[in-house]
Amino acid sequence: SFAKIKIQSRTRSYHMIHFINFLCFSAEVLEAIENVILDVLKSLAQNKAPVLTLARRSDWRNIEFKDSVGLQMIPHYATKQIRSDCPRSAPKFALMLKILSMIYKMVQSNTYATKRDIYYSDTLLFGSQSVVDNIINDISCMLRIPRRSLHVLSTTKGFVAGNLSYIEEDGTKVNCTCSATAVTVPSNVQGIKNLISHAKFMLIVEKDATFQRLLDDDFCNKLSPCIMITGRGVPDLNTRLLVRKLWDSFQIPIFTLMDADPHGIEIMCIYKYGSVSMSFEAHHLTVPSIKWLGLLPSDLQRLNIRKDALIPFTKRDQNKLASIQKRPYIACQPTWKKELEIMAASKLKAEIQVLTSLSSDYLSRVYLPNKLQFGGWV
Amino acid sequence: MADQAVLERFLLVLRPLGSGEQRRGSLLVALAAERDTGQSGCTITVAAAGDLTHGIGTEALQGAARGVLVLPGAPHVPAPCCGHILHRARLRLAFQLWAPPDCVWLRQFLHKTSVVHPEVEFHLCVSLNGAVASHTYGWESGWTPAGVRLRVQSRHFALSRPAAPGGAPPCSRIHPTLGPPIRLPVPPPSVAAGLGGELSLVPAAALCPCLRRAPNWPSRLDAITLFLYDPAGLPAAAPRFFQDPSWMADWEQFGFIAAPRAQTEGEEELVTPDATYTVQEGAGGPSGDRHPQTLLLFLFLQHEDPFQAYDAGTRLVLLQHMEQTLWSSRPALARGLRTLVHPMLGELRRRHEAQQRLARSLSVALDAVTAVVAGSTSSRFRQGCLRTMQGPHRSIPVCRGDRWRRRKMRRVPRAARGRCCCRRWPNGWPKGRGWSPSLCHVPAQFTQFTQSQLVLAAPVRFPQLVPVSLVGPSATVAPHSPSHPSPPLVPVLPAAPSSPVGPSSPSHSHLSRSVPVPPPHFPASSQGVAPPP
């Protein structure tokens with residue numbers, strides 16, 4: 001009973017700390033928004049047109065690469081002004097204030113809304129979902145507050161499966177161990193707790209088709225306990241947050257299984273080093289220790305994949321590969337650089353499904369086990 | 001009219017006026033009449049000085065003076081203002097008329113002529129019984145492309161110019177655009193009457209006043225005015241052909257409706273147009289107060305005939321057959337004018353749409369700011385907003401009346417508490433102290449304050465109070481004592497002006513009902529921000 005009391009008091013303390021943290025952080029968010037509004041009013045009082053100053057999130061000149069973090073925003077970044085007196089920028093100025101006021105209300109009332117909810121609150125005003133998405137990211141960057149702390153969630157598209165269980169913020173217990181189905185990545189990754197896993201490694205899969213195939217083949221349990229995650233293409237923020245959280249919690253090796261094409265390599269770089277547009281939040285989103293397991297361009301030669309099973313590059317592929325080769329993080333990865341040179345020289349790409357030309361279950365029965373057993377990652 | 005004919009002939013004699021070359025000079029038209037002496041006639045003197053008289057002999061004036069009584073010798077010109085031209089005049093003609101001419105017409109004619117001769121100084125002097133009135137249209141650097149000359153100071157065409165916000169000086173010029181020349185076939189009756197050569201019309205257009213320095217200033221197209229000039233640069237009365245503006249542009253495409261407007265007496269300082277049209281914006285046009293602009297259309301007739309100079313006779317034939325000439329060229333005229341006018345109308349439309357976007361955006365921004373301010377429970381923030389909106393006089397004045405009331409409240413029976421202490425003084429507030437009784441009322445109308453009213457209310461005659469004369473029915477923020485923290489601000493409903501307000505207890509500031517922060521007012525910025533409707 002003493003242990004029970006100890007657990008109960010610990011739980012109570014945990015909830016109290018969590019509540020206090022919530023209050024403190026909510027107050028910070030409210031204060032940050034109030035400061036923006038106050039600056040607007042000060043400009044009006046001085047008879048000046050108010051402006052909002054934003055960092056140029058997508059400008060490579062504002063990015064620096066650190067191999068321990070990935071792509072992050074430089075301290076003295078270039079900014080742009082969203083003016084209220086210019087017809088071109090006034091709509092964005094107004095929408096930013098509008099969304100700020102909505103966030104303010106949500107934080108005050110401790111309610112949450114998805115980006116989709118915000119868009120549908122006034123579709124005529126916002127115009128399109130991408131406008132809302134961009135503005136929310138701009139606000140997050142401007143206030144230096146993660147989006148999730150602004151009480152704005154996003155519908156997750158990623159899946160997770162394997163040896164993992166956790167409790168969501170609302171108390172829902174989630175067990176990803178069921179082999180037949182995958183679990184959607186939670187919307188509130190920040191709020192999940194009590195993560196338990198005996199996985200020896202984590203595998204990030206680019207495509208949903210490959211992910212489902214591995215699930216069907218019961219890959220998570222066959223070789224070693226593992227966790228599988230897919231972002232179903234370019235990963236959303238929640239999937240990246242979960243990968244980072246699992247890395248922080250378990251410190252297990254993380255491997256990626258991508259198509260051998262420039263698009264797949266770019267997706268892998270997003271998981272590993274982050275993206276330019278979200279570089280201001282790199283510390284929470286990147287896992288620089290990620291390894292490239294497959295499908296390597298050198299594997300295509302090694303496995304003697306038939307040339308007619310490979311796909312020639314398009315102009316877009318060539319441009320993308322050239323752009324990736326110029327990025328700062330490739331320079332510090334000589335093995336990756338070599339793989340990219342092989343791909344550039346052959347001007348051929350392949351999807352993971354090309355391994356089915358060898359045998360239908362080659363991927364889960366031969367390729368991945370051999371790669372993992374004999375260290376075939378770069 | 002004889003005076004009109006003589007003046008036109010005189011100006012035609014100075015034919016270099018209408019040629020492509022620029023010749024600076026001065027032109028004087030002086031009119032003198034003495035009714036008191038019983039004489040009903042008047043003397044008109046025309047004189048020219050400067051480069052524009054070069055190469056013109058006095059015998060050329062003989063033809064100009066046909067049909068009038070020329071006064072030999074020294075002309076009768078009483079006004080000293082004409083001296084500076086007369087002293088230098090090489091060409092001079094004085095003649096007498098039985099009846100004084102229409103001075104208004106004369107002034108308008110000269111003004112209109114001066115518009116297309118920016119390098120010439122035009123001076124009109126009217127002396128009636130010794131009282132002298134004169135108008136001078138001095139030399140200006142004009143706009144002179146492709147044989148066309150035009151004065152571009154907008155004071156000739158519009159009275160007011162909007163001051164660009166932020167103190168920037170308004171643009172004082174118009175910026176014309178030249179259209180392609182439109183060839184006009186000479187109709188057979190004109191040829192038979194002796195008008196040979198080639199006839200063409202060169203259009204030019206400009207918006208007045210110019211709002212380039214204030215691109216976001218709300219504006220609307222209010223009117224279109226048309227000026228027609230003959231090949232010599234003399235005004236030509238617009239024929240009935242120009243009565244209907246529908247052929248000039250596809251107004252509907254740009255959301256405008258143009259209709260003819262009856263000619264009225266214009267402002268004295270402005271050039272009287274030959275035709276005027278009103279413009280309205282169709283449904284969906286921007287609303288709110290907007291500065292009116294006028295589309296100025298200048299039509300310059302050009303005549304080229306190697307065998308015949310353009311003289312008074314040619315002018316007469318041309319004007320007589322103008323209607324027919326224009327009708328026969330209507331499709332070409334429509335095409336030419338639309339080529340010129342449509343881009344300008346398109347630019348106006350885009351400007352209006354941009355202004356609409358701006359106004360809508362400002363409205364959304366205003367609502368968002370108000371929502372945050374009204375919904376905030378942070379006294380730090382709300383006080384910051386209040387101080388900011390009060391302008392440069394940041395310190396909230398202490399209401400001495402408040403302290404008075406609190407002292408009095410201690411002696412006032414409990415039943416009397418809660419009512420404004422103003423009512424305790426049957427003869428009104430103590431006079432001579434400059435205290436405003438309205439300071440004790442919660443400014444229920446505070447939400448209607450604009451920033452400018454706050455700034456007006458802020459200046460203080462006494463160091464700590466707001467002068468009575470500057471406090472209107474929308475009272476300013478009732479001050480609170482710095483020794484007592486202000487209560488949390490929550491939105492209040494507007495109360496009746498007579499509703500008494502008092503603190504719930506003596507220890508509170510008399511602002512027991514909270515003060516809503518006024519909604520911010522977006523001022524016009526240096527780029528001309530339209531205030532939200």
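Chain A is the first sequence line, chain B the second, and so forth, proteins listed ahead of strands; every chain is numbered from 1.
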Check: Quick one: side chain to side chain contact (heavy atoms under 4.5 Å, CB included) partners of A:T79, sequence neighbours excluded?
Finding: A:T53, A:Y77
Next item on the list: Please look at B:R360 and chain A and tell me whether the side chain, the backbone, both or neither of the residue comes under 4.5 angstrom of a heavy atom of that chain.
Entry: neither
Check: What part of A:I99 gets closer than 4.5 Å to chain B, counting heavy atoms only: side chain, backbone, both or neither?
Finding: neither
Checklist line | Toward chain B, the part of A:Q108 with a non-hydrogen atom under 4.5 Å | finding: side chain
Note to self: Rounded at 0.5 Å granularity, tell me how far CE in A:M73 sits from CG in A:N62.
What the structure shows: 5.5 Å
Checklist line | Sequence-distant partners of A:R244, side-chain hydrogen bond (donor to acceptor under 3.5 Å, both in side chains), two or more places apart | finding: A:D248
Notebook entry, point to check: Are the side chain of A:T156 and the backbone of A:G158 linked by a donor-acceptor contact shorter than 3.5 Å?
Noted result: no
